[in-house]
Amino acid sequence: MALTQELEGALNAQVTLELESAHQYLALSAWLECEGLPGMAHWMRMQSGEENEHAMKFFEFLVDRNATVKLGPLPQPVLEFNSVIDVFRASLAAEQRVTEAINTIYAIATDARDFASYPLLDWFVNEQVEEEATVQQIIDDLERIEGNGYALLMLDRELGARQEGAE
Ligand code: FEO
């Protein structure tokens, strides 16, 4: 069954949104490197890599469904932040935007009775719950240790230990 035009458009927009997310995470990583927090910068770089993988999941799904992949332009990422916690808040806001977009695609797929897209979309629904929870936990930790340089260093070390496929 061919994708409806609306669903094809929404899936294409999601490829670009995931790439935009990867681009923004790279900018967050660069800012953290400048702040002397290599562990957090590493965590953001890993996150950027995951977003690229997310983009490719949608890309491959479009190809498998015999649809045309149309990449859109990427906006300039935000480069300046006032604090470390603001960086993670920017991350949470980006994740919430992605969640909203996935939910919208789900609604479009449901209206189109495009059941073949459900497994992919279900994977993303679960992924977004995890991603938001992970970033929220880091924000909670940063709020708790506010002003404590040693605790910040420990958190930087902890996030620096993130491995491929783990959060
Ligand atoms: Fe691909 Fe973090 O959403």
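Numbers for residues simply follow the sequence, beginning at 1. These numbers were taken from a predicted model, which means no experiment stands behind them. Both counts, for ligands and for their atoms, begin at 1 and track the order of listing.
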Given a threshold of 2.8 Å, state how many protein N/O/S atoms are nearer than that to atom 1 (Fe) of ligand 1. 3
Kindly determine whether Y106 and F124 satisfy ring-ring contact (aromatic ring centres under 6.0 Å, His included), including the steps that lead there. CA-CA 10 Å; Y106 215 121; F124 274 99; over 10 Å; no
Pairing of E50 and R45 as salt bridge, 4.0 angstrom limit: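 No salt bridge links E50 with R45.
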What pairs of residues pass the side-chain hydrogen bond (donor to acceptor under 3.5 Å, both in side chains) test when at least one of them lies in residues 69-88, not counting sequence neighbours?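 For residues 69-88, and leaving out neighbouring residues, there are no side-chain hydrogen bond (donor to acceptor under 3.5 Å, both in side chains) pairs at all.
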Between F58 and F61, does the ring centroid distance fall short of 6.0 Å?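 No, the ring of F58 stays outside the 6.0 Å limit from the ring of F61, centre to centre.
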Any idea how F88 and W43 line up, ring-wise: parallel (<30°), tilted (30 to 60°), or perpendicular (>60°)? tilted
Report yes if some heavy atom in the side chain of V98 is under 4.5 Å from a heavy atom in the side chain of E132; otherwise report no.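 They are not in contact (no side-chain heavy atoms under 4.5 Å apart), so the answer is no.
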